[in-house]
Every structure is written in C-alpha cells, then in structure tokens.
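Sequence lines set the chain letters: A, B, ... in the order given, protein chains first and strands last, and positions in each chain run from 1.
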Number of protein chains: 2
Amino acid sequence: MSDVDRDAFRTIAAECPGFQARATARAITRYHNACFRPLGLTAEQFSLMVGIGAAEGVTLVELALSAGVDTTTLSRNIQNLEKRGWVYADGGRGRAGKRLSLTASGHHLLAEALPVWRQAQAELSRRLGNDQLQLVRRAMVALAVVAEPSSPTAPEGVEQPVS
Amino acid sequence: MSDVDRDAFRTIAAECPGFQARATARAITRYHNACFRPLGLTAEQFSLMVGIGAAEGVTLVELALSAGVDTTTLSRNIQNLEKRGWVYADGGRGRAGKRLSLTASGHHLLAEALPVWRQAQAELSRRLGNDQLQLVRRAMVALAVVAEPSSPTAPEGVEQPVS
DNA sequence: CTCCTAATGATGCATATACATTATATGGCG
DNA sequence: CGCCATATAATGTATATGCATCATTAGGAG
C-alpha cells in the first residue's frame with residue numbers, strides 16, 4: 001500500500017457527502033431515539049406518524065414519496081404501527097391504495113410526543129444556532145434532490161425508469 | 001383531529017432536521033449503492049473500507065468512533081467484509097483490540113471503486129455546485145457534532161456516560 | 001503469582017432499509 | 001360483460017443499525 005493510496009483514501013473519507021449524510025443521520029436518530037424512548041417510540045415511527053397526522057387519508061405510495069423511502073420499507077414500517085394500534089389502514093391491495101390515518105391511541109401518543117420533539121428541537125437550535133439549523137436542513141433537502149435517481153440529470157450508469 | 005393539530009404536524013414535518021437527515025442519507029445511499037452495485041459493493045461497505053485503507057491497523061473502536069457508528073454495528077459489518085475476504089482482522093477480544101487492514105483482494109476492489117466514486121462525486125458536484133456540496137457536507141458535520149450525546153452540552157433527559 | 005476490574009468483541013433481539021419478486025385488485029378496452 | 005394490463009401491497013432475502021447483555025482477555029492491585 002503506497003502513501004498515494006492512503007492519501008487518496010483519506011481525501012475520500014473527508015469529502016464523501018454520502019458517508020457524512022449517513023453519520024449525521026445516525027447521530028441525530030440516536031439523539032431522537034433517546035428522547036422518544038420513554039414513550040416507546042422510535043424517531044422514524046414519530047416521523048411517519050407526523051406525516052400521517054399532517055395529511056390523514058394519505059396513501060402508502062404518497063407517504064413513501066414524501067418521505068423519500070421505498071414503498072416496501074414503508075409497507076413494513078406501517079405494519080409495525082398498525083400492530084401497535086397507532087395507525088389504521090383503510091383499503092389494501094389494488095388501485096385504490098391503502099389510505100392511512102391515526103387511531104385515537106396514535107393521536108394521543110403523538111400529542112405526548114409533540115412537546116418532547118419541541119424540546120429536542122429547541123436544544124438543537126440552542127447548540128447550533130437557529131439560522132445554522134435551518135441552513136443545514138435546507139442544504140440537506142437540496143442534496144437529497146440531486147441524489148435522487150429520478151432527478152432530470154441522472155449520472156451515467158444509473159438507468160432512468162421509462163415512464 | 002383539529003386543524004391546529006394538522007398544522008402543527010405539518011410544521012414539524014417541514015422543520016425536523018432528523019427526518020430530513022434520514023431522507024437525505026437514504027437518497028444518497030441509494031445513489032451510491034446503484035453506482036457500486038456492478039462491483040458487488042454497498043455504499044456503507046465502501047465507506048468502511050476507505051476508512052480502513054486510510055489508516056491501516058486501526059482498531060474496531062477507533063473506526064467506530066470516527067464513523068459515528070455503534071461498535072456492535074461495526075462488529076457485524078466488519079464480519080461481512082471479512083467473510084468476503086476484503087478485510088483482515090488481527091487480534092480479537094481483549095484490551096489490545098481488533099486491528100483492521102485491507103487484504104490484497106480488498107485493496108484491488110477498492111482500487112476499482114475509486115474512479116466510480118470520483119465520477120459519482122463529480123456528478124453531484126456538477127448538479128449542486130461544488131461550493132454548495134462542500135457547504136452541505138460541513139453543515140452535516142456540525143449537525144452531527146451537536147446531536148452527539150457525548151456533546152459537552154447534552155439535552156435534558158439524555159444521560160452522559162460517566163467517564 | 002493470583003485475582004479482579006475494566007476494556008473489548010460478539011450475540012440476542014428489534015427496527016429500518018431496499019431490490020427482486022409475487023399476490024391482488026381495479027380500471028379500461030374489446 | 002369478461003379479460004387483461006397496470007397500479008398497488010406484501011413477501012423473500014440481505015444489509016444496516018443500536019440497545020442490552022454476555023463472553024473474553026489483558027492490565028493492575030494485593
């Protein structure tokens with residue numbers, strides 16, 4: 001192994017936005033998981049329930065698109081929420097789609113989780129500064145957009161779905 | 001469900017940095033996975049092998065710390081790389097720690113993956129602009145730092161490990 | 001020299017993630 | 001009215017992730 005290789009590897013480790021995106025997602029997910037743990041809720045479960053509460057009756061496909069998650073992943077995650085009685089699904093296989101809504105139990109739990117999220121958010125804002133927190137969120141939105149395979153300018157070697 | 005609740009949920013969905021960090025990490029990981037798929041390599045496997053190649057002989061604990069990943073997660077991910085014959089581990093249980101290095105096979109694979117990564121990186125830079133790409137990476141580093149439980153200013157309810 | 005503490009690695013369990021594939025139902029066309 | 005192409009959900013398989021816990025080993029105290 002030459003020094004050239006080692007330097008190349010160090011450069012990549014320091015510059016790869018994908019590596020950093022994963023590391024950051026892991027860190028903030030651990031943070032939120034710890035916050036929500038007393039409620040028996042994970043960060044991702046909270047996000048999905050918020051997404052459903054924000055648009056009751058949303059279909060599985062719509063929610064998957066807005067969350068940037070594969071429909072098969074969302075299918076299983078929603079099944080978990082259904083098992084716990086927090087989410088109710090109307091409809092199933094077929095063109096109509098599976099329409100999602102919060103149960104009374106789910107709505108109650110989410111009401112308890114809201115102040116927990118607000119405190120966690122306030123703490124992040126205090127540590128990083130509100131301007132910087134908004135800036136990083138918007139920057140991550142922009143990065144996700146250009147990384148999407150459905151972006152109008154796909155990289156070579158990444159096939160576009162024929163529509 | 002009142003309109004107040006729905007608006008609150010929409011605000012949270014639009015403002016939560018954790019949700020966006022996960023969505024962005026998923027998107028860019030899908031992008032890199034597609035790039036590395038012809039090599040039989042995942043984005044995370046690439047990142048770990050780059051981390052090992054950048055500091056041969058690094059211990060499992062050190063690599064976990066630099067990658068911001070739990071040691072138990074890294075333990076299993078490294079086992080996967082060992083099974084494939086890309087990584088060699090010297091030492092094991094005990095205070096000495098498990099020292100990691102690339103095998104000849106792993107080094108060869110990584111050499112093939114380097115130009116693939118560079119092209120993917122160049123494509124991202126072209127789409128987002130190099131300044132913006134560097135900005136978002138640095139912003140994510142900052143977010144990860146303040147979200148770490150080991151941060152000097154922990155949020156209430158998140159215990160610090162007694163050292 | 002022996003024992004014990006602490007650091008380290010691995011495992012059990014649960015959730016999360018996505019590609020490939022299968023199962024199902026529906027809307028439209030003949 | 002019946003069939004089928006297509007949209008949708010679910011499942012099989014594999015990787016990734018982390019907490020709680022267990023297993024192992026080395027370093028130090030006595």
Side-chain angles (χ1 to χ4, degrees), chain A residues 18-19 21-34 36-37 40-48 59-65 67-84 89-100 149 158-159 161-163, chain B residues 18-19 21-34 36-37 40-48 59-65 67-84 89-100 149 158-159 161-163:
Chain A
F19 168 75
R22 282 188 295 277
T24 299
R26 285 191 293 257
I28 197 164
T29 299
R30 283 192 297 263
Y31 171 83
H32 276 140
N33 278 342
F36 292 131
R37 176 170 297 273
L41 197 63
T42 70
E44 182 61 17
Q45 288 165 354
F46 172 79
S47 292
L48 292 181
T59 67
L60 195 146
V61 169
E62 289 166 352
L63 186 59
L65 202 64
V69 69
D70 194 86
T71 55
T72 66
T73 299
L74 188 60
S75 177
R76 270 180 264 241
N77 290 351
I78 293 297
Q79 285 173 40
N80 271 339
L81 298 179
E82 288 184 83
K83 276 184 219 147
R84 284 168 174 75
D90 191 16
R93 286 164 158 153
R95 279 198 168 174
K98 188 173 183 174
R99 296 201 168 269
L100 308 169
V158 175
E159 297 299 328
V162 283
S163 58
Chain B
F19 168 75
R22 282 189 294 278
T24 300
R26 285 192 293 257
I28 197 165
T29 299
R30 283 192 297 263
Y31 171 82
H32 276 139
N33 278 344
F36 293 132
R37 175 169 298 273
L41 196 63
T42 69
E44 182 62 17
Q45 287 166 356
F46 172 78
S47 291
L48 291 182
T59 67
L60 195 145
V61 170
E62 290 166 352
L63 185 60
L65 201 64
V69 68
D70 193 86
T71 55
T72 66
T73 299
L74 188 59
S75 177
R76 268 178 266 241
N77 290 351
I78 293 297
Q79 285 173 42
N80 270 341
L81 298 178
E82 287 184 84
K83 275 185 220 147
R84 284 168 174 75
D90 191 16
R93 287 165 159 152
R95 279 198 169 175
K98 188 173 183 175
R99 296 201 167 269
L100 306 170
V158 176
E159 297 298 329
V162 283
S163 57

For this session: Indicate, with a heavy-atom threshold strictly under 4.0 Å, whether R76(A) touches base, sugar-phosphate, or nothing.
Result: base
For this session: Extract, from 5' to 3' on DNA chain C, the first and final nucleotides lying under 4.0 angstrom from some heavy atom of chain A.
Result: dT15(C) to dG27(C)
Problem set entry | Name of the residue among H32(B), R30(B), R26(B) meeting side-chain contact (heavy atoms from CB on, under 4.5 Å) with I28(B) | H32(B)
Seminar exercise, completed: Span of DNA chain D engaged by chain B, first through last nucleotide within the 4.0 Å heavy-atom cut-off, is dT15(D) to dG27(D)
Exercise. DNA chain D: N33(A) or E82(A), which has the more 5' nearest nucleotide?
Worked result: E82(A)
Exercise. Does L81(B) reach the side chain of Q45(B), with side-chain heavy atoms less than 4.5 Å apart?
Worked result: yes
Exercise. Base, sugar-phosphate alone, or nothing: which one does R99(B) contact when heavy atoms must sit under 4.0 Å apart?
Worked result: nothing
For this session: Tell me what T42(B) touches on the nucleic acid: a base, only sugar-phosphate, or nothing, going by heavy atoms under 4.0 Å.
Result: sugar-phosphate
Exercise. Would you say S47(B)'s side chain and A43(B)'s backbone share a donor-acceptor pair under 3.5 angstrom?
Worked result: yes
Seminar exercise, completed: Rounding to 0.5 Å, atoms OG1 (T72(A)) and CG (L60(A)) come to a distance of 10.0 Å
Seminar exercise, completed: Sorted by chain and number, sequence neighbours left out, side-chain contact (heavy atoms from CB on, under 4.5 Å) with R37(A) holds for none
Seminar exercise, completed: K98(A) and G91(A) have their tightest heavy-atom pair at CG-O, 3.7 Å
Seminar exercise, completed: Of R26(A) and T71(A), the one whose nearest nucleotide on DNA chain D sits closer to the 5' end is T71(A)
For this session: Taking the side chain as every heavy atom from C-beta outward, state whether N80(B) and R84(B) have any atom pair closer than 4.5 Å.
Result: yes
Exercise. From N77(B) CG over to E82(B) CD, what is the distance, rounded to the nearest 0.5 angstrom?
Worked result: 11.5 Å
For this session: Answer with base, sugar-phosphate or nothing: what part of the nucleic acid does N80(A) contact at a heavy-atom distance below 4.0 Å?
Result: sugar-phosphate
